[in-house]
Amino acid sequence: MKLSVIGCGYLGAVHAASMTSLGHDVVGIDVDESKIASLRAGRAPFFEPGLSAILESGLASGRLAFSTDIAEAADADVHFIAVGTPQRRGAYAADLTYVDAAVAALVPMLRPGVLVVGKSTVPIGTAAGLADQIRETGAELAWNPEFLREGFAVQDTVTPDRLVYGVPEGESGVAARATLDRVYRDAVAAGTPVVVTDYATAELVKVAANAFLATKISFINAMAEISEVVGADVTHLADAIGHDARIGRRFLNAGVGFGGGCLPKDIRAFVARAEELGRGESVAFLTQVDAINRRRRDRVVELALAAVGGEPHRARVAVLGLAFKPDSDDVRDSPALDVAVRLHGLGVDVVATDPEAVPNARRLHPQLSFTAAPEDALQGADAVVLVTEWPEYRALDPVIVGGLVRNRTIIDGRNVLDPAAWRAAGWTYRGMGRP
Ligand code: UGA
């Protein structure tokens, strides 16, 4: 099939390249010239394992192209909208400027038989609002939310754990479903569950899924807060309750909390939308989920200050990690970067490191000191703060690191180190919700 993908950020670039790997002809469109230049050259504009390989093979096959000119998308049978919906400045609601602009640019080139597929995360009711404009051209709209995780984005796109199609009622809905089944032919043939529903449900599925995941993380972080008071170990607690299959162990890792371009902004936009709908009380708990999450950053800063004897101006602190999670260079709403910035703001001499995210972090906060080499960050440190659980930080040898630092105190903001091993090497170890 001939597909276009409007918006080549994390979602769109991965979607475009992945669809080519499934055999489709794809053109990716973005207004950002440098991003398009990079994609055309087969270079992923951000760190995502596996993306460069499918970009290169897609470009070599001649079935993948990128352009800043939306006219290049004119002959596509299916147009995916994959633009960003960031948090609106000074508000909790989502900013739909890019979605509206993408639809406005597409409308003049739509024709009967074409399907527009929304993938961006949008407030409930957005699809219904766009459908009329699209239908006037004879084309149809479907909403097909995306559940990919950064770091596993290619795998999640090519072999998703479920597909959700929000389609209109009647014949046009049947046709839209058939088109989406053709797009995702391999996944459908492999027996991937497909949930066919209406627009509002498809939109709600996406925000509900992210709200649930955020709630799960904040639940265990709330238990970490209680554990800290009573001297309990939240990691043992998570193991114990996680053995109950109804609860499950995944997304029960207490630590410095969630960040990234999705979970934080999605729960805030959900609260804002529910309030507009007169149902604010139904999701008021998400405000607490957000508050618990932010408090964990305060906690890491508090532990770091205590580690340097409450004297930030005389202390050097190594911050291990800047990305919001490993296998990503994304620092949007990153708890790790936030901790580094706040410690710096308190007068600490912060040296921050990350295997991939230093350039993005430096762009936002040039006032910080960065290094790509963890040894340089650790050298002479009065305290070490681990805030992104990259494998190389998890594997650090407490004896070797002990030889680099000035003072052996480590704050394990992700609960990934073995406290016994670090203590045995003479370290003061502080975890999150661990004795
Ligand atoms: C999230 C969802 O997991 C995806 O399903 C969704 O498609 C995506 O948002 C999106 O809406 O686009 P992502 O932002 O890539 O994916 O990151 P997650 O893997 O969900 O991690 C989010 C944050 O939670 C990270 O900062 C991570 O460190 C933190 N986390 C995760 C915890 O603190 N504890 C856990 O147990 C798990």
Side-chain angles (χ1 to χ4, degrees), residues 7 9-15 46-49 82-87 94 119-122 144-157 160-164 203 205-224 234-235 237-239 241-242 247-270 289-290 292-297 299-300 321-339 354 357 386-390 393-394 412-416 431-433:
Y10 284 92
L11 170 58
V14 172
H15 194 67
F46 47 84
F47 179 79
E48 181 60 48
V83 293
T85 52
Q87 189 172 332
K119 290 203 83 67
S120 306
T121 301
V122 291
N144 168 223
E146 180 57 59
F147 306 103
L148 65 80
R149 298 158 298 165
E150 288 179 25
F152 302 91
V154 174
Q155 175 193 323
D156 286 351
T157 305
D161 54 10
R162 81 283 211 190
L163 289 162
V164 176
E203 291 163 329
V205 165
K206 172 66 196 189
V207 286
N210 277 359
F212 191 89
L213 294 172
T215 303
K216 205 171 173 190
I217 299 167
S218 278
F219 176 84
I220 201 65
N221 279 330
M223 296 306 109
V234 75
T235 65
L237 170 77
D239 289 344
I241 63 173
I247 296 173
R249 181 63 179 80
R250 295 177 73 189
F251 270 66
L252 275 187
N253 294 321
V256 68
F258 59 81
C262 302
L263 262 45
K265 77 144 170 87
D266 286 356
I267 59 169
R268 292 171 199 153
F270 195 8
V289 165
D290 201 4
I292 293 165
N293 192 53
R294 292 176 204 230
R295 283 205 297 273
R296 297 324 281 162
R297 302 178 185 191
R299 174 69 178 161
V300 173
L322 290 161
F324 83 108
K325 67 173 189 182
D327 280 326
S328 171
D329 64 357
D330 194 348
V331 296
R332 288 177 296 171
D333 211 336
S334 167
L337 179 56
D338 194 21
V339 164
D354 190 285
L386 190 164
V387 261
T388 311
E389 70 278 31
W390 285 95
Y393 304 154
R394 304 174 79 133
D412 181 2
R414 292 292 183 177
N415 287 344
V416 290
M432 303 292 287

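Being a predicted model, the structure only gives us computed values, none of them experimental. Just so you know, ligand 1 is whichever comes first in the structure, and atom 1 is the first atom listed for that ligand.
Residues Ile220 and Val234 meet the side-chain proximity criterion, which asks for heavy atoms closer than 4.5 Å. Residues Arg249 and Asp239 are in side-chain contact: their nearest non-hydrogen atoms beyond the backbone lie under 4.5 Å apart.
Taking a heavy-atom cut-off of under 4.0 Å, ligand 1 is surrounded by Glu146, Phe147, Leu148, Arg149, Glu150, Lys206, Asn210, Leu213, Ile217, Phe251, Leu252, Asn253, Gly257, Phe258, Gly259, Cys262, Leu263, Asp266, Phe324, Lys325, Arg414.
Among Val289, Leu252, Asn253, Asn221, the one residue that satisfies the side-chain contact (heavy atoms from CB on, under 4.5 Å) test with Lys216 is Leu252.
Within a 6.0 Å sphere centred on CZ of Phe219, other residues, nucleotides and ligands contribute 12 heavy atoms or fewer.
Between Asp333 and Arg297 there is a salt bridge, since a side-chain N of the basic residue sits under 4.0 Å from a carboxylate O of the acidic one.
Under the ring pair (Phe, Tyr, Trp, His ring centres under 6.0 Å) criterion, Phe46 pairs with Tyr10, not counting sequence neighbours.
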